[in-house]
Protein chains: 2
Amino acid sequence: MSPKKAVSGPSIPGAVWLRPRPPRRGQHGLTRERIAAEVVSQLDQAGPAGLNLRSIAAALDVHPTTLYWHVSARDDLLDLAVDAVFAELPLPSQPSDDWLADVRAFMHNLRAALLTHPWSGALASSRPLLGPEALARSEFVYAALARAGFTGDELAASAAAVSNLVIGSVATETSWQNGDESSARQAVHEHLHANAETYPAMADLSTESGRWGTQFSYSADLLLAGLAQKAPSSASSPGTNSQTPRTT
Amino acid sequence: MSPKKAVSGPSIPGAVWLRPRPPRRGQHGLTRERIAAEVVSQLDQAGPAGLNLRSIAAALDVHPTTLYWHVSARDDLLDLAVDAVFAELPLPSQPSDDWLADVRAFMHNLRAALLTHPWSGALASSRPLLGPEALARSEFVYAALARAGFTGDELAASAAAVSNLVIGSVATETSWQNGDESSARQAVHEHLHANAETYPAMADLSTESGRWGTQFSYSADLLLAGLAQKAPSSASSPGTNSQTPRTT
DNA sequence: ACCTGAACACCGTTCAAGT
DNA sequence: ACCTGAACACCGTTCAAGT
């Protein structure tokens with residue numbers, strides 16, 4: 001049984017972070033951090049479907065059921081792992097004077113971190129991100145957008161748009177990579193081409209890979225252009241009217 | 001064993017659609033459509049975690065393993081279910097003369113359809129959407145954006161941005177609703193407030209629910225503003241903010 | 001072509017017991 | 001406070017056999 005039986009813990013995913021912290025370290029020196037690190041490493045190797053408590057426990061040299069002292073369910077492990085990925089995201093100690101550049105950099109950094117662990121995009125999109133590392137990054141984005149003049153609901157919506165676009169993009173991208181991407185891409189391309197009358201606009205999509213990066217960049221720039229345009233204090237966004245965000 | 005053993009079928013999620021169609025109907029009149037409908041209904045009741053082959057088979061009055069004649073794995077069932085949700089999305093038989101309005105309407109309609117089946121957002125964000133119903137909707141968006149003048153990679157990136165933002169938003173929104181949302185919201189609010197020094201910008205976020213809709217709307221408008229601004233043939237987008245001069 | 005039936009390997013979680 | 005050990009209920013998938 002977990003310690004301090006769920007004082008205020010609602011049963012949503014992400015709820016690990018809302019419960020009181022469990023004891024620091026046991027006889028085996030088992031901590032949430034060590035567990036999280038092992039989960040990340042096994043997810044990297046086997047993906048979410050291949051994750052099981054028994055092998056994690058084995059790697060940590062404890063009995064499988066021991067894990068239940070430190071977390072309350074398998075789902076908690078995924079929350080720990082996702083937050084560990086966010087920890088890899090560089091967090092500028094202080095913001096620059098260009099909020100738009102800060103947001104753009106955040107988007108690209110977030111994508112990079114999530115791509116390093118291909119399972120993380122899908123997980124991040126399907127559970128509240130309430131871990132301390134994730135919250136710290138959110139705070140950074142909120143601060144940048146607040147400098148742009150966004151407040152209240154519009155601030156929240158702007159920040160959500162930024163995260164959702166990035167996380168959604170990475171989730172889509174990595175969902176292709178779970179199998180043999182090039183052959184999948186080829187099969188889809190043939191399928192669209194064979195049904196060119198029903199899908200005229202999509203019929204001649206490029207079959208080349210390696211376009212994920214440029215396409216993401218352009219997607220991000222679309223949103224950034226909208227942010228720059230709608231920012232209440234557009235004076236603080238040097239690039240608004242004169243030059244639209246770069247297309248790298 | 002599944003029929004026509006995987007001629008070109010790559011092992012990604014979404015691959016059901018890339019394999020040759022299985023036989024039409026068996027002795028029990030079992031079809032992919034009937035299976036899909038049952039999966040949707042059980043997902044509505046129990047969510048993805050509660051889905052199991054045995055109860056689906058029972059509801060369809062067949063032996064559990066019979067399902068393997070019609071699909072090749074549990075994962076295929078999820079693909080069928082997601083495409084069935086897309087089928088609920090109204091698809092205008094012909095586009096209007098306002099591409100921006102068409103895209104905006106699509107975004108709101110897609111959100112509405114996905115919210116009807118709270119499990120669908122997370123699934124849609126984590127697998128390629130290659131079903132016929134999903135492709136037909138993609139085609140509609142591509143066509144609208146093509147009218148705006150987007151081509152090639154920029155067309156693909158624009159369409160991806162639209163879907164990814166909507167699907168990502170819904171996935172986030174529904175991930176809160178898997179448990180007791182109001183108490184979760186409350187707990188997070190308290191947590192942020194208790195750590196107001198570390199999260200100054202997020203500290204006084206509204207704790208009210210019912211803001212999902214307005215926030216989504218604003219998020220969508222941010223992207224739409226970017227699309228309008230960057231559209232090569234912006235003449236065809238009547239609703240753009242006239243104050244933003246295009247540079248290129 | 002479509003479905004059955006038995007069987008296998010596995011997995012998350014429980015609970016009482018140890019120290 | 002932390003961990004063990006046994007046990008339970010369940011679940012996706014296989015394969016050979018039926019019609």
Side-chain angles (χ1 to χ4, degrees), chain A residues 1-7 9 11 13 15-16 19-35 38-39 42-43 45-81, chain B residues 1-6 9 11 13 15-16 19-35 38-39 42-43 45-81 123:
Chain A
M1 189 189 296
S2 74
K4 292 261 192 157
K5 175 130 185 149
V7 178
S11 60
V16 226
R19 286 188 290 265
R21 262 222 127 209
R24 328 295 123 176
R25 55 172 44 247
Q27 308 174 12
H28 284 73
L30 202 53
T31 59
R32 277 194 174 176
E33 287 71 26
R34 282 191 60 219
I35 295 175
E38 185 57 35
V39 172
Q42 297 213 12
L43 283 172
Q45 292 174 25
L51 187 79
N52 74 85
L53 300 180
R54 282 172 168 87
S55 74
I56 291 167
L60 294 169
D61 215 28
V62 293
H63 193 95
T65 57
T66 303
L67 296 172
Y68 283 84
W69 180 259
H70 297 269
V71 297
S72 72
R74 184 194 126 108
D75 231 41
D76 284 359
L77 297 178
L78 302 179
D79 287 323
L80 295 178
Chain B
M1 186 188 299
S2 76
K4 294 263 191 155
K5 173 128 185 155
S11 60
V16 227
R19 287 187 290 263
R21 261 221 127 212
R24 327 294 124 176
R25 56 174 39 250
Q27 308 173 13
H28 285 72
L30 203 54
T31 58
R32 276 192 174 176
E33 287 71 25
R34 283 191 58 219
I35 295 175
E38 184 58 36
V39 173
Q42 297 212 12
L43 283 172
Q45 291 173 25
L51 186 79
N52 74 85
L53 299 181
R54 281 170 167 88
S55 74
I56 290 167
L60 294 170
D61 216 28
V62 293
H63 193 96
T65 58
T66 303
L67 295 172
Y68 282 84
W69 180 259
H70 298 269
V71 297
S72 73
R74 184 194 126 108
D75 231 40
D76 284 358
L77 297 178
L78 302 178
D79 287 323
L80 295 178
L123 289 185

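Chain identifiers are assigned alphabetically (A, B, ...) following the order of the sequence lines, protein sequences preceding nucleic acid strands; residue numbering begins at 1 within each chain. All values below were derived from every heavy atom in this structure, side-chain atoms included, with hydrogens, water molecules and symmetry-related copies excluded.
- Distances were taken from every side-chain heavy atom of R74(A) (C-beta onward) to each of dG12(D), dT13(C), dG5(D); the shortest belongs to dT13(C).
- For the atom pair L67(A) CG and R54(A) CZ, the distance stands at 11.0 Å (nearest 0.5 Å).
- Scanning both residues, A81(A) and L43(A), for their nearest heavy atoms gives CB-CD1, 3.8 Å.
- Put simply, H70(A) has no side-chain N or O that comes within less than 4.0 Å of OP1 or OP2 on dA1(D).
- A straight line from CG of L60(B) to C1' of dC3(C) spans 13 Å, rounded to a whole angstrom.
- Residue L67(A) is classed as having no contact, given no heavy-atom separation below 4.0 Å to the nucleic acid.
- In this structure, R34(A) places its CZ atom 14 Å from C1' of dC3(D), rounding to the nearest Å.
- No hydrogens or angles were tested; on distance alone, a donor-acceptor pair under 3.5 Å links the side chain of T65(B) to the base of dG5(C).
- To the nearest 0.5 angstrom, E38(A) atom CD is 10.5 Å from L30(A) atom CG.
- Between L78(A) atom CG and dG12(C) atom C1' there is a gap of 13 Å when expressed in whole angstrom units.
- The closest side-chain heavy-atom distance from V71(B) to D79(B) is not below 4.5 Å.
- Out of dT13(D), dA1(D), dG12(C), the shortest distance to the side chain of Y68(B) is found at dT13(D).
- When the P atom of dA17(C) is taken as reference, atom NE2 of H63(A) falls 16 Å away, rounded to whole Å.
- Counting to the nearest Å, the P atom of dG12(D) and the CG atom of D76(B) are 14 Å from each other.
- The side chain of V62(A) lies closest to dT4(D) when the candidates are dT4(D), dG12(C), dG12(D).
- The heavy-atom pair separating P64(A) from A57(A) by the smallest distance is CA-CB, 3.4 Å.
- The side-chain heavy atoms of L60(B) and T66(B), taken from C-beta on, include no pair separated by under 4.5 Å.
- When heavy atoms are screened at a 4.0 angstrom cut-off, L51(B) is found touching the sugar-phosphate backbone but no base atom.
- The structure places CG of L80(A) at 11.5 Å from NE2 of H70(A), a figure rounded to the nearest 0.5 Å.
- If you measure from atom CG of L77(A) to atom P of dT13(C), you get 9 Å, rounded to the nearest angstrom.
- Smallest separation of non-hydrogen atoms from L78(B) and L51(B): CD2-CD2, 3.8 Å.
- Distance, N52(B) CG to dG12(C) C1': 15 Å, rounded to whole Å.
- In this structure, the nucleotide among dT13(D), dT4(D), dT13(C) sitting nearest to the side chain of T66(A) is dT4(D).
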Parsed dot-bracket for DNA chain D after applying the Watson-Crick and G-U rules with both distances under 3.5 Å and | for other-strand partners is ||.|||||...|||||.||
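- Where R54(A) and D61(A) meet DNA chain D, the nucleotide closest to each residue was compared, and D61(A) sits on the side nearer the 5' end.
- Considering only side-chain atoms of A73(B), the nucleotide from dG12(D), dC11(C), dT13(D) that sits closest is dT13(D).
- Distance, L53(B) CG to dT13(D) P: 6 Å, rounded to whole Å.
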